[in-house]
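Just so we're clear, the structure is a prediction, and the values are computed from it rather than from any experiment.
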Amino acid sequence: MIELKEITWENFWQVIELKLRESQIRYLPSISVFMAQAYVNLKLKYSDACFALYKDSQLVGFTKIVYVPKCVDPYYFLEDSYMIDAIMIDARHQGKGYGKEALYQVLKYIESKPFGEADSIKLSCHDENIIAIGIYEEAGFCKTDKLANKRDGFYIYSKDMKNSQARM
């Protein structure tokens with residue numbers, strides 16, 4: 001089972017070194033960028049959590065979850081939401097079902113409402129990232145809006161919190 005574990009000094013550099021396949025680089029910035037965003041969110045008092053993803057004690061990926069209050073910069077969602085800002089599996093561990101399993105664990109974490117009540121769970125995905133889109137749609141996410149603050153091709157996918165049960 002995939003586990004969400006805190007990022008500590010013991011695993012920090014390993015987490016930073018996680019890589020996507022060359023063909024996937026346009027879909028996500030580096031882990032360093034996500035960690036820097038988490039620092040800014042901390043300073044702005046936004047609720048944010050970064051986790052290392054482990055399978056059987058081996059680091060396989062990374063995720064970042066942000067609580068986004070209604071109508072707050074930079075997303076301006078119309079309701080309080082949890083945003084899965086990043087979920088990635090290292091290139092060496094892709095194709096093993098870990099992405100689906102990781103999403104399940106992230107949803108389970110969000111359902112515990114660690115930062116408070118919310119109406120929806122959101123994430124962004126590039127429209128050419130077919131494998132990820134399939135996983136997200138299977139988990140109940142629906143494509144809603146084009147993401148305005150990123151490059152072309154990124155869309156917001158949303159899932160109602162009330163109907164969210166972490167099962168896949």
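- For the pair Ser81 and Lys122, the tightest heavy-atom approach, listed with the atom from each and the gap, is OG-CE, 3.4 Å.
- No continuous path of ILVMFWY side-chain contacts below 4.5 Å connects Tyr46 to Phe77, so the two sit in separate hydrophobic clusters.
- Atoms OH and CD1, from Tyr136 and Ile131 in turn, are 11.5 Å apart once rounded to the nearest 0.5 Å.
- When Leu28, Leu123, Ile135, Thr63 are each tested for a side chain to side chain contact (heavy atoms under 4.5 Å, CB included) with Ile87, only one passes: Thr63.
- By the 4.5 Å heavy-atom criterion applied to side chains, Met161 and Lys113 are counted as neighbours.
- By the 4.5 Å heavy-atom criterion applied to side chains, Leu18 and Leu59 are counted as neighbours.
- Cluster membership for Met83 and Val40, using ILVMFWY side-chain heavy atoms within less than 4.5 angstrom, is not shared.
- Two residues are said to be in side-chain contact when any heavy atoms from C-beta on lie closer than 4.5 Å; Met1 and Gln105 meet this criterion.
- Between Asp48 and Phe115, every side-chain heavy-atom pair lies at or beyond the 4.5 Å cut-off.
- The minimum heavy-atom distance linking Met88 with Leu53 is given by the pair O-CD1, 3.9 Å.
- Tyr27 contributes atom OH, which lies 5.0 Å from atom CG of Asn129 (distance to the nearest 0.5 angstrom).
- In summary, the side chains of Glu6 and Thr8 do not present any donor paired with an acceptor at a separation below 3.5 Å, with no hydrogens or angles considered.
- In terms of heavy-atom proximity, Ala139 sits nearest to Leu107 at CB-CD1, 4.3 Å.
- Within the 4.5 Å cutoff, the side chain of Ile133 has no heavy atoms near those of the Lys143 side chain.
- Side-chain contact between Lys55 and His93 is absent, with no heavy-atom pair separated by less than 4.5 Å.
- Under the ring-ring contact (aromatic ring centres under 6.0 Å, His included) test applied with His126, the options Phe154, Tyr155, Tyr157 reduce to a single match, Phe154.
- Side-chain atoms of Phe51 and Ile65, non-hydrogen and from C-beta on, do get closer than 4.5 Å to each other.
- Looking at every heavy atom in both residues, Arg92 comes nearest to Lys96 through O-NZ, 3.6 Å.
- Counting heavy atoms from C-beta on, the side chains of Met35 and Ile7 come closer than 4.5 Å.
- In this structure, OG on Ser120 lies 12.0 Å from NZ on Lys70, to the nearest 0.5 angstrom.
- Following chains of ILVMFWY side-chain contacts shorter than 4.5 Å, one can reach Trp13 starting from Ile31, so the two form part of one hydrophobic cluster.
- With rounding to the nearest 0.5 angstrom, the CG atom of Leu42 is 13.5 Å from the CD atom of Gln37.
- Leu78 and Ile156 are assigned to two separate hydrophobic clusters, defined by single-linkage of ILVMFWY side chains at heavy-atom distances under 4.5 Å.
- Heavy atoms of other residues, nucleotides or ligands lying less than 6.0 angstrom from CZ of Phe12 number more than 12.
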